[in-house]
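Have a look at the structure below, then the notes.
Counting convention: from 1, in listed order, for ligands and their atoms alike. Model, not experiment: these values are computed from the prediction.
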Amino acid sequence: MKFYSTNNTDLRVGFKEAVFNSMPQDKGLYMPVSIPILDDKFINNLDQYTLPEIAFHVAQNLLGDDIPADDLKAIIHDAINFYAPIEKLEDNVYVLELFHGPSLAFKDFGARFMSRIMGYFLEEGEKQLDVLVATSGDTGGAVALGFLGVPNTRVTILYPKGKVSQIQELQLTTNGQNIRAVEVDGTFDDCQALVKQAFTDEDLNKKFRLTSANSINIARLIPQTFYYFNGYAQLLKAGINKVVFAVPSGNFGNIGAGLLAWKMGLPVEQFIAATNANDTVPEFLKTGVYQPKPSVATLSNAMDVGNPSNWVRIADMFKDDANGLKDLVTGFRYDDDETLEAVKAVSDQYNYVVCPHTAIAWKALKAYQQNHSAPDTAGVFLSTAHPCKFPDVFIKEIADKVDTPPQVADLSKKQKQAVSLGKDFEGFKGYLLNNV
Ligand SMILES: *Cc1c(COP(=O)(O)O)cnc(C)c1O
């Protein structure tokens, strides 16, 4: 499969180049030149397959012969080695739990697949790959654990001091090996600015082979389609073949992958884009005007994005069908008070605890269902992170219900190892150059 830039469909590169570059020079994003449609026999019999089998079939159709079948199979079995179960909470309300990977967030799907693809394409004798990544919390943990031990790679994670939860910080700072953490005395935006400047710095580019691991990378998008197919497979097993998905959205990679799955033939009735106060997309769906704005801080901070970078991919998929997009996607936005109410309502109604991001998707699903009564359609909201990653948002009564999964049970015994830096670029550059 070749990939084009959303800014220039004549520019075409192979999968390897798209993965290592992340972004074309023209600052578009890579998309497959044609989106394959999976045959009905596969779709209608999805319940016969396991998650890795589904993942392999979907990836092979998307990638063509870029990776030989046996190698792709091995990559998928290694990367997608955890479950994504659907749980029923009440009639027509289901949760798709995407937090059973090593970092307890759905970003494990993208980060684990991407790290293994990069490891696979790195040929012997090639220069070490230096991955720089800024995180507001979840990306860092997924990328760190995704790349941990992948030969010939090194990851440098920048995170804002005091602004990530304790579990998130321990996930970033206790790995050792090829992972190092930099605690920046500043905000997430400062961290991101440092990373961006590093990519354009001549000295650093001469010395290192730099790459980014953020959600614009096509190798993070592709594996996120897998769990939509697998979610549908689990509904088929329960005799249900109509579904709406509600997706907690920030950079719109997750829902973008859902829409890609739909384009590949997954029969989804409706997608619900659920955001916090950063409501650029719900506003667009309402008014038709796409007006990015500066991000505002909320309790669901992994969704604090005012200008979602994956939106251009969605716009690209629907460039000939703007009305189709409006028919298929509904937007809802909720502020922090409503988020806390939703966390409490879910806890009270189902004795089930959701993270603040997930709570927003639940509330959006319920709002949508109020106006669209469809007894034969399952409403599925995506749970993007385990609630234990966000302990500070819960009142005690709810916090007491949150379990500690084995992935993080021993974290507090480990020693934090991070370098503390200011937000000035020279300091960061000096650190990189002095720690080869
Ligand atoms: C990253 C993240 C999101 C937002 O996902 P996008 O793909 O950026 O829309 C939502 N919830 C959690 C917990 C996340 O970590």
Worksheet item: Is the NZ or CZ atom of K88 positioned over Y350's six-membered ring, under 6.0 angstrom from the centre and within 45° of the axis?
Response: no
Practice prompt. Provide, to 0.1 Å, the distance between atom 7 (O) of ligand 1 and the closest protein heavy atom, together with that atom's residue and name.
Written response: N254 N, 2.9 Å
Discussion item. Below 4.0 Å from ligand 1: does a non-hydrogen atom of S249 turn up there or not?
Written reply: yes
Item to complete: If you have a sec, work out which protein heavy atom is nearest atom 5 (O) of ligand 1 and how many Å separate them, to one decimal?
Response: F106 CZ, 3.4 Å
Practice prompt. Flag this pair as yes if the NZ/CZ of K401 is under 6.0 angstrom from the six-membered ring centre of Y352 and inside a 45 degree cone about the axis; otherwise no.
Written response: no
Worksheet item: Quick one: which ligand 1 atoms are inside 4.0 Å of a heavy atom on F252?
Response: 6 (P), 8 (O), 9 (O)
Discussion item. With a 4.0 Å cut-off on N to O distance, would you call R313 and D316 a salt bridge?
Written reply: no
Worksheet item: Which of the atoms of ligand 1 are close to A385, meaning less than 4.0 Å from one of its heavy atoms?
Response: 13 (C)
Discussion item. Any salt bridge linking K286 with E283? Criterion: basic side-chain nitrogen under 4.0 Å from a carboxylate oxygen.
Written reply: yes
Practice prompt. Check whether the side chains of S5 and D26 place a donor and an acceptor atom closer than 3.5 Å, and report yes or no.
Written response: yes
Practice prompt. Specify the protein heavy atom at minimum distance from atom 4 (C) of ligand 1: its residue, its atom name, and the distance to 0.1 Å.
Written response: G250 N, 3.7 Å
Discussion item. Students should be able to answer this: which protein heavy-atom is nearest to atom 8 (O) of ligand 1, and at what distance?
Written reply: N251 N, 2.8 Å
Practice prompt. For G253, counting its heavy atoms only, list the atoms of ligand 1 lying under 4.0 Å from any of them.
Written response: 6 (P), 7 (O), 9 (O)
Worksheet entry | N178 and T153: side chain donor to acceptor below 3.5 Å | yes
Practice prompt. Run the salt-bridge test on K344 and D348 with the 4.0 Å N-O cut-off and return the result as yes or no.
Written response: yes
Item to complete: Mind checking whether D138 contacts ligand 1 via backbone (N, CA, C, O), side chain (CB onward), both or neither, at a 4.0 Å heavy-atom cut-off?
Response: side chain
Response to the item:
Checking heavy-atom distances from atom 2 (C) of ligand 1 to each of M303, K107, H386, the winner is K107
Worksheet item: Of all the non-hydrogen atoms in the protein, which one sits nearest to atom 12 (C) of ligand 1, and at what distance?
Response: T384 OG1, 3.3 Å
Practice prompt. Hey, can you tell me if Y290 and F284 have their rings parallel, tilted or perpendicular (30° and 60° cut-offs)?
Written response: perpendicular
Worksheet entry | P248 touching ligand 1 at heavy-atom level, < 4.0 angstrom | yes
